[in-house]
There are 2 protein chains.
Amino acid sequence: MISAVALNDQPTPRSGRDGGTSHRLGYLFKHVHLRYEQLTSAALEPIGISPREWAALNCLDEQHSLSQREVADLLGIDRTRMVALVDELEAKGWVKRRPQPDDRRKNIVTLTNTGRGLLQRGSRIVDECEQEFLAALSAVEAEQLKNALDAVVATE
Amino acid sequence: MISAVALNDQPTPRSGRDGGTSHRLGYLFKHVHLRYEQLTSAALEPIGISPREWAALNCLDEQHSLSQREVADLLGIDRTRMVALVDELEAKGWVKRRPQPDDRRKNIVTLTNTGRGLLQRGSRIVDECEQEFLAALSAVEAEQLKNALDAVVATE
DNA sequence: TATTGTTATACTCTATAACTATA
DNA sequence: TATAGTTATAGAGTATAACAATA
């Protein structure tokens, strides 16, 4: 009757409470994302920046030639949402927009000194979050996890 | 000037285009979740069920004694959102609600024959999605990935 | 008093289409 | 014509608080 379990050849290593649901990729990806979001959100909260805002600053600082659309793709959000996000970053005094000379349709978004300082403080916090989040894994396992996710995400 | 890169001791194994952003945990978790959602959504679309609806049926079928709240936790959604989800599943004729005798605050949500048939067809599709999604990895690497995610998620 | 399911509300995010200005 | 940024809008999801029934 519980045929979905029979299809799964794993011996259900941990917690048989839900009969296999918690070992499905969908469950694992959803919950790992949810938990990491909660962790970083709480850790960054004292310096007044959200995980998404930090990620946006991080992208923008690294590559000045990225268009808003390319940054949106890196953040995994829509370009229309990106407009509001940059509006917000600009209103907080963390970035400035100006048209790109060689293609005036595009914007160059650069960090202000305030934005750069906040990014650096945030980066230290995010580094700690990454370590804390992967604390259950050995250094080798953590590296393998990142490489495996990278390989899967890089597949188009 | 690009000091955030200097903080990262990895030699940026793939695609230096974004200077490290795409190897952050936040990026990897977000995009892996996003892509898997798109894959399963498209694959399940022909039989008229969403990934979340399938996941809900899967939870409910495996453990009849789970309360709506416990299923909501497994799905990673709020209990208030779960009400609307079960409403929808019930309206489609896939599940039925009835009060649990020993604790009449709780509902027992059982699958109808229609719901069970749909779950089984969906499960075969999801199995294929999991294989396809991890195709870039060897069987051992895929198993290690699942175990690593499981270990990280299981940490409270 | 605490919990389950429920409803209501406001807020955020997503999806889509259209508009403008540039190319 | 095609693309980048922008705006508008509808729909979905999230967060929060409250309430009734039950424990």
Side-chain angles (χ1 to χ4, degrees), chain A residues 26 29-31 33-38 40-42 45 49-53 55-56 59-60 63-92 95-110, chain B residues 26 29-31 33-38 40-42 44-45 49-56 59-60 63-92 95-110:
Chain A
F29 291 155
K30 169 98 190 189
H31 283 263
H33 179 238
L34 217 55
R35 289 212 184 188
Y36 188 69
E37 176 77 14
Q38 288 165 350
T40 52
S41 185
E45 200 265 334
I49 188 170
S50 72
R52 173 162 294 175
E53 291 167 342
C59 291
L60 291 165
Q63 259 292 5
H64 298 222
S65 62
L66 291 181
S67 67
Q68 281 191 199
R69 169 169 218 147
E70 288 170 316
V71 173
D73 288 343
L74 282 173
L75 295 178
I77 65 175
D78 196 81
R79 67 185 171 133
T80 69
R81 175 82 195 115
M82 188 67 194
V83 175
L85 180 53
V86 176
D87 282 348
E88 177 200 318
L89 297 176
E90 205 167 25
K92 290 180 174 176
V95 302
K96 279 211 187 308
R97 267 189 262 231
R98 66 191 147 94
Q100 188 170 315
D102 51 311
D103 185 344
R104 305 195 57 248
R105 291 174 306 182
K106 300 187 181 179
N107 285 337
I108 294 179
V109 185
T110 52
Chain B
F29 291 155
K30 168 100 189 187
H31 283 262
H33 179 238
L34 216 56
R35 289 211 185 191
Y36 189 69
E37 175 77 15
Q38 288 166 349
T40 52
S41 183
L44 289 171
E45 201 265 333
I49 189 171
S50 72
R52 173 162 295 174
E53 290 167 341
W54 172 82
C59 291
L60 292 166
Q63 259 294 4
H64 298 222
S65 61
L66 291 181
S67 68
Q68 280 191 198
R69 167 167 219 149
E70 288 170 316
V71 173
D73 288 344
L74 282 173
L75 296 178
I77 65 176
D78 195 81
R79 68 183 170 134
T80 70
R81 174 81 195 115
M82 188 67 195
V83 174
L85 180 54
V86 176
D87 283 347
E88 178 200 318
L89 297 176
E90 205 168 23
K92 290 180 175 176
V95 302
K96 279 212 188 309
R97 267 189 262 231
R98 66 191 146 95
Q100 188 169 316
D102 52 310
D103 186 345
R104 304 194 59 247
R105 290 174 306 182
K106 300 187 182 179
N107 286 337
I108 294 180
V109 186
T110 51

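No experiment lies behind these values; they were computed from the predicted model shown. A note on names: the letters A, B, ... follow the listed sequences, proteins ahead of strands, and every chain is numbered from 1. Values below: all heavy atoms of this structure, side chains included; hydrogens, waters and symmetry mates excluded.
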Q: Take atom CD of B:Glu37 and atom C1' of D:dA12, then tell me their distance rounded to the nearest Å.
A: 12 Å

Q | Contact nearer the 5' end of DNA chain D, comparing A:Asn107 with B:Ile77 | A | A:Asn107

(Q) Output the rounded distance in Å from CD (A:Gln68) to P (D:dT3). (A) 17 Å

Q: Start with the C-alpha gap between A:Leu85 and A:Val71, add the side-chain angles, then the distance that decides, and say whether side chain to side chain contact (heavy atoms under 4.5 Å, CB included) holds.
A: CA-CA 11 Å; A:Leu85 180 53; A:Val71 173; over 6 Å; no

(Q) Measuring to OP1 and OP2 of C:dT4, would you say a side-chain N or O of B:Gln100 lies under 4.0 angstrom away? (A) no

Q.
In this structure, how many angstroms lie between the C1' atom of C:dG5 and the CG atom of B:Leu85, rounded?
A. 14 Å

Q) Roughly, in whole Å, what's the span from NE2 in A:His33 to P in C:dC13? A) 12 Å

Q) Has the side chain of B:Arg79 got a donor or acceptor atom sitting under 3.5 Å from an opposite partner on the base of C:dG5? A) yes

Q) Does B:Arg104 make a side-chain N or O approach to OP1 or OP2 of D:dT22 shorter than 4.0 Å? A) yes

Q: Give the intermediate values and the outcome of side chain to side chain contact (heavy atoms under 4.5 Å, CB included) for residues B:Val95 and B:Arg97.
A: CA-CA 7 Å; B:Val95 302; B:Arg97 267 189 262 231; over 6 Å; no

Q: Report yes if at least one side-chain N or O of B:Arg97 is closer than 4.0 Å to OP1 or OP2 of C:dT6; otherwise report no.
A: yes

Q.
Any heavy-atom pair between the side chains of A:Val86 and A:Asn107 that's under 4.5 Å?
A. no

Q: Indicate, yes or no, whether a donor-acceptor pair under 3.5 Å links the base of D:dT14 to the side chain of B:Arg81.
A: no

Q.
Contact between A:Arg81 and A:Leu75 at the side-chain level, heavy atoms closer than 4.5 Å - yes or no?
A. no

Q) How are the rings of B:His33 and A:His33 set relative to one another: parallel (under 30°), tilted (30 to 60°) or perpendicular (over 60°)? A) parallel

Q) To the nearest Å, how far apart are B:Asp102 CG and C:dT3 P? A) 18 Å

Q.
Tell me the interatomic distance from A:Arg52, atom CZ, to D:dT14, atom C1', rounded to whole angstroms.
A. 13 Å

**Q.** C:dT4 OP1/OP2 closer than 4.0 Å to side-chain N/O of B:Arg69
**A.** yes

Q. What's the closest nucleotide to the B:Thr80 side chain, out of D:dG5, C:dT16, C:dA8?
A. C:dA8

Q) Closer to the 5' end of DNA chain D via nearest nucleotide, is it A:Leu34 or A:Val86? A) A:Val86

Q. Rounded to whole angstroms, how far apart are CZ on A:Arg105 and P on D:dT6?
A. 14 Å

Q) What is the distance from CG of B:Asp78 to C1' of D:dG13, rounded to the nearest Å? A) 10 Å

**Q.** 5′-ward residue of the pair A:Pro101/B:Val83 relative to DNA chain C
**A.** B:Val83

